[in-house]
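Report on one structure; see the data block that follows.
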Amino acid sequence: MADKVLIYSRFPKTMMVRFAERFELLDTGGKPAREVFSADELGGIRAVLTAGGTPLGAEAMDLFPKLGAIVAPAMTASTWRRPPRARLRSATVRAPTQLRSPILR
């Protein structure tokens with residue numbers, strides 16, 4: 001019997017097919033888990049697969065007594081949005097003054 005994995009976010013179908021080869025997937029479809037599945041089904045969840053965008057609070061965690069892992073797959077460069085570049089302020093660069101220390105003469 002394959003371990004049950006709760007899909008807590010949306011992922012590409014190609015990624016889901018790969019996970020489905022090894023695990024029994026329960027997809028919430030973006031809804032709270034307790035609204036989609038019974039307590040018996042949620043009690044057997046061994047891992048939660050999330051992208052991190054959907055909050056997973058303490059109340060939700062209490063639904064999974066056998067939970068062993070929360071997994072957030074790495075995002076690829078094509079799906080990751082880069083933050084805007086910060087504008088650099090131009091600064092005046094001054095040359096260092098001559099050292100007048102007796103040690104350096």
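Position 1 is the first residue of the sequence; numbering continues from there. Predicted model only: the values in this text are computed from it and were never measured.
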Handout entry: Shortest non-hydrogen contact from A51 toward S9
Key = N-OG, 3.0 Å
Handout entry: Closest non-hydrogen atom pair, A33 against L6
Key = CB-CD2, 4.0 Å
Practice task
Please name the pair of heavy atoms, one in R34 and one in L63, separated by the smallest distance, quoted to 0.1 Å.
Solution key: CB-CD1, 3.9 Å
Exercise for the section: Rounded to the nearest 0.5 Å, what's the gap from CG on D62 to CG on L67? Could you check? Expected result: 11.0 Å
Handout entry: Under 3.5 Å: donor-acceptor pair, side chain of E35, backbone of P32
Key = no
Fill in the blank from the handout: Which of F23, Y8, F11 passes side-chain contact (heavy atoms from CB on, under 4.5 Å) with L49? It is F11
Handout entry: From R46 atom CZ to K4 atom NZ, the distance as rounded to the nearest 0.5 Å
Key = 12.0 Å
Handout entry: Atom pair CG/CD1 of L26 and I45 - distance to nearest 0.5 Å
Key = 4.5 Å
Practice task
Using atom types as modelled and distance alone, determine if a side-chain donor or acceptor of T28 lies under 3.5 Å from a backbone N or O of I7.
Solution key: yes
Problem - Shared hydrophobic cluster, V36 / V48 (ILVMFWY, side-chain heavy atoms < 4.5 Å) - result: yes
Fill in the blank from the handout: All heavy atoms of A2 vs all of R22, minimum pair found to be CB-O, 3.8 Å
Handout entry: Step-by-step side-chain contact (heavy atoms from CB on, under 4.5 Å) determination, M61 to I70
Key = CA-CA 10 Å; M61 296 290 286; I70 298 174; 3.7 Å; yes
Handout entry: hydrophobic_cluster_shared for V71 and F64, side chain cutoff 4.5 Å
Key = no
